Chemist: 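Mind looking over this structure? Questions follow.
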Amino acid sequence: MSIRVRFAPSPTGDLHVGGARTALFNWLMARKSGGTFILRVEDTDGARNTAEAAAGIIKGMRWLGLDWDEGPEVGGDCGPYFQSQRKNIYDAYFKKLEDAGRVYAEADGAMRFKFSRTAITVHDLVCGDVTFAPTEEPDMTIRRPDGSYIFHFVNVVDDIEMRMTHVLRGEDHLSNTWKHIDLFNAFGATPPTYAHIPLILNPDGSKMSKRDEGSAIEHSYMNAGFLPAAVFNYLCMLGWTPKAESEKLSREELTALFDADAIHSSNAKFDLKKALWFNAQYLRELSPEELLKHGRTFLAAKGLTWTDDAMAAAAVHSVREKVSLLTELPEWVHYFFREDYPFEADVVTKLKAKPENAGLLKAAAEQLAQTAEWTEQSVHDAVEAAAKALSVKPGAMMPLLRFALSGQSRGPGVTTIAHLIGKEKTLARIERALGEVVENAV
RNA sequence: GACCCCUUCGUCUAGCGGUUAGGACACAUCCCUUUCACGGAUGCGACACGAGUUCGAUUCUCGUAGGGGUCGCCA
C-alpha cells in the first residue's frame, strides 16, 4: 500500500519551527517512498483561526520547498482540505457513533464520546509500544453545543477518510493518542502507524513557542536572511541523524536517507549558532547569480540600487565567505553601489595617523593611472610596483587603498574591489579619500 | 495530583556488553594572510545518581533525581 502522510496545522498563527519540522519529516517520508503528502488545514476553532494564518503557513511551506500532493491550492480526491468545509462528513461519522451508542449529550447540548475504558497500546515508530491503562478521565467532548466538532474527533475522521497510513506528529500528542485509537476502534477502522517526534526546545530547555527567538519561520528565517535549503537541512538535524558522513546534506540526500525509525525520542534544544553555520555553508556555495537573486530584497531594503546585475552579482559574491545571513550583505557591499560611502571612524584615524600615507596613496594612484589593462592581476602588479619604487612593502600600501576605496577596514581583496568598480572610480575614490580625509589631517 | 516520554561534551549527536567514548557547532591557541573571513592543525570538553544482572556496564533491569509533555466545549 502506498504511503499517505499529512501535515495538519491549525491556522492560529505563523508556521512554527516545530510545525515546519513535522511537515518536513512527513514530506521526506512521502517523497522517499513515492507516497502522497497531504496538507490539511485544521480550522475547526472558529474563534482562533484566521485566513491570514492559513496563508502564512502555506507561504512558509512553499518557501521551504515542501510541496503537497493534495490540499489547498492543489485539490485532490479527499477534499475539501479545510476542516471547516467538511461538516457533512463529520455529521455522518458522528451518526455512526450515535448508532453504536457511543455518544451522549451534556445538559448544554455538548456531545461526549464514551471511552471504551480498556487498556490501549500505541505502536509508535519512535517510542515503541506505549500502553495506557484503562482511563479514569472523563469521556471526551467531541461536539460543541453549536454543532461544530472538536480536534480529536475530526482529526481521526479525516485520517480515516483521507486514508492516512502514517501519522508523524509532535510528541505532545502522544499522551492523547490512545483516545484517537479508541475512536478508530469505535469506527471499526485500523489506526495508522504513529511516529511521535521529539519537541524542539529553547536553549534554556523551556518549550519553544511563538514569541521565542528562532521560532517563527517567516520572521526568524525568511525575513532574517536564511536560505531555505539551510533551514531545511538544520531542522532535519534536530531529532534525527542521517546515516551519512556529513551533516550538510542536500534535499535529495536527506530524502534518500530518511528513516522514521531513526528519529530520536528525546527533545532537542534549538541552537541558533549552528543554524547560522549551516546558512553560511549554503551561502558560500551559491553562484553569483543565485546569491544576487536571494540577496536582492535585502540589498534593496537598505536603499542600494544598481543597473548592472553582473556587477552586483560579482559584488555580493566577493563577500560570500564573510556573511552568514543575507541581511549582513548590505553592510559588506554598500560601497560597490555608491560613491558617497562613509569612512568608518577607525579608518579615518588610521589614514590620518601617518604623514606618509598621502604619499603612498598618491604613488599608488599614479601607477594605477598608467595601467591600461584593468584586471585583478594588473592592479596587483601596479600596487606592487608603486610600493617597490618607494621601497615599502605592498602590505603597507594595500590597507590604505582599502580604506580609500571602501571606507572600511575589512572586506574582500583590495584588488577585487578595484577591479570590480573599475579604473575610473578607483582613481576618483583615492582622490576623494586624499581630499576629504588624509589631507584634512592637522 | 495522575499518566506518558526523555537523560552521552555548553549545544546537536555516534555508540546498540569489552572503545584511548567518535563527529559537528560553539569556544581557545597556532598556521595561512593586504583586512575580515574561509581553509588547515591542535586543544578544551560528556556517559545525571544509586542499586542490581554480568567475568565485564555508557550500553540490559529497577529505583531516585532532573527535564519535557498530556489530563479543554485549543489544536
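Just so it is clear, the structure is predicted and the values come from calculations on it, not from any experiment. Naming: A, B, ... by sequence-line order, numbering from 1 per chain.
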Chemist: Paired with B:G63 by Watson-Crick or G-U wobble geometry, both distances under 3.5 Å: which nucleotide is it?
Modeler: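 By the stated definition (distances under 3.5 Å), B:C49 pairs with B:G63.
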Chemist: Would you indicate, yes or no, if B:A75 has its OP1 or OP2 atom less than 4.0 angstrom from a side-chain nitrogen or oxygen of A:T44?
Modeler: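 Indeed, a polar side-chain atom of A:T44 lies that close.
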Chemist: Please walk me through it: do A:N233 and A:Y282 pass side-chain hydrogen bond (donor to acceptor under 3.5 Å, both in side chains)?
Modeler: CA-CA 10 Å; A:N233 195 159; A:Y282 279 87; 2.5 Å; yes
Chemist: Have a look at A:S175 and say if it touches a base, only the backbone sugar-phosphate, or nothing, with a 4.0 Å heavy-atom cut-off.
Modeler: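 It contacts base atoms.
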Chemist: Classify the nucleic acid contact of A:P394 as base, sugar-phosphate or nothing, counting any heavy atom under 4.0 Å across all strands shown.
Modeler: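 Since no nucleic acid heavy atom lies under 4.0 Å of A:P394, the category is nothing.
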Chemist: Report which part of the nucleic acid A:F270 touches: base, sugar-phosphate, or nothing (heavy-atom distance under 4.0 Å, all strands).
Modeler: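 Answer is nothing: A:F270 stays at 4.0 Å or more from every strand.
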Chemist: Give A:R284 one of three labels, base, sugar-phosphate or nothing, depending on what nucleic acid heavy atoms sit under 4.0 Å from its own.
Modeler: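 It contacts sugar-phosphate atoms only.
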Chemist: What does A:S265 touch in the nucleic acid at a heavy-atom separation under 4.0 angstrom: a base, only the sugar-phosphate, or nothing?
Modeler: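 Sugar-phosphate contact only - A:S265 comes under 4.0 Å of backbone atoms but never of a base.
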Chemist: Under 4.0 Å between any heavy atoms, over every strand shown, what does A:A268 touch: base, sugar-phosphate, or nothing? Just pick one.
Modeler: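 A:A268: backbone/sugar contact only, no base atoms under 4.0 Å.
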Chemist: For A:E247, which contact category applies under a 4.0 Å heavy-atom criterion: base, sugar-phosphate, or nothing?
Modeler: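 If one applies the 4.0 Å heavy-atom cut-off, A:E247 turns out to touch a base.
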Chemist: Distance check, rounded to the nearest 0.5 Å: A:L326 atom CG versus A:L299 atom CG?
Modeler: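 Rounded to the nearest 0.5 Å, the CG-CG separation comes out at 9.5 Å.
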Chemist: For residues A:H173 and A:H196, establish whether the separation of their ring centroids is below 6.0 Å.
Modeler: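 So the answer is no for these two rings.
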Chemist: Here's a test of your reading of the structure: between A:F278 and A:P145, which maps to the more 5' nucleotide of RNA chain B?
Modeler: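 The 5'-side residue here is A:F278.
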Chemist: Classify A:K207 by what it touches in the nucleic acid, base, sugar-phosphate, or nothing, heavy-atom distance under 4.0 Å.
Modeler: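 The answer is sugar-phosphate, as A:K207 gets under 4.0 Å only of primed atoms, P, OP1 or OP2.
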Chemist: Classify A:K243 by what it touches in the nucleic acid, base, sugar-phosphate, or nothing, heavy-atom distance under 4.0 Å.
Modeler: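 Sugar-phosphate: the residue A:K243, judged by heavy atoms under 4.0 Å, touches backbone atoms but no base.
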Chemist: Please determine whether a side-chain nitrogen or oxygen atom of A:T141 lies at a distance below 4.0 Å from atom OP1 or OP2 of B:C73.
Modeler: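 Affirmative; the distance criterion is met.
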Chemist: Need one value for A:P412: base, sugar-phosphate or nothing, where a base atom within 4.0 Å counts as base even if backbone is also close, heavy atoms only.
Modeler: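 Base, at least one base atom sits under 4.0 Å.
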Chemist: Assuming nearest nucleotide by heavy-atom distance, tell me which of A:K274 and A:V323 is located more 5' along RNA chain B.
Modeler: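 The residue mapped nearer the 5' terminus is A:K274.
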Chemist: Give A:H196 one of three labels, base, sugar-phosphate or nothing, depending on what nucleic acid heavy atoms sit under 4.0 Å from its own.
Modeler: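 Since no nucleic acid heavy atom lies under 4.0 Å of A:H196, the category is nothing.
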Chemist: Report yes if a side-chain nitrogen or oxygen of A:N267 is closer than 4.0 Å to either non-bridging phosphate oxygen (OP1 or OP2) of B:C5; otherwise report no.
Modeler: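 The answer is no; no side-chain N or O of A:N267 sits under 4.0 Å from OP1 or OP2.
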Chemist: What do you reckon, are the aromatic ring centroids of A:F153 and A:H180 less than 6.0 Å apart?
Modeler: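 No, ring centres 6.0 Å or more apart.
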Chemist: Mind checking if A:G205 touches a base, just sugar-phosphate, or nothing, with heavy atoms under 4.0 Å?
Modeler: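 Answer is sugar-phosphate: A:G205 comes under 4.0 Å of backbone atoms only.
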Chemist: Figure out the CH2/C1' separation between A:W240 and B:G23, and round it to whole Å.
Modeler: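 Roughly 17 Å, once rounded to whole Å.
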Chemist: Does A:V130 reach a base, just sugar-phosphate, or nothing at all? Heavy atoms under 4.0 Å.
Modeler: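 Counting heavy atoms under 4.0 Å across all strands, the contact made by A:V130 is with sugar-phosphate only.
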Chemist: Whether A:H173 contacts B:U70 is assessed here as follows: a side-chain N or O lying under 4.0 Å from the phosphate OP1 or OP2. Is that the case?
Modeler: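 Looking at the OP1 and OP2 atoms of B:U70, neither is under 4.0 Å from any side-chain N or O of A:H173.
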Chemist: Does A:G413 reach a base, just sugar-phosphate, or nothing at all? Heavy atoms under 4.0 Å.
Modeler: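 Base contact.
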Chemist: Please confirm whether A:R432 makes a cation-pi placement over A:Y341, using NZ or CZ under 6.0 Å from the six-membered ring centre and within 45° of the ring normal.
Modeler: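 Checked: cation-pi criterion met.
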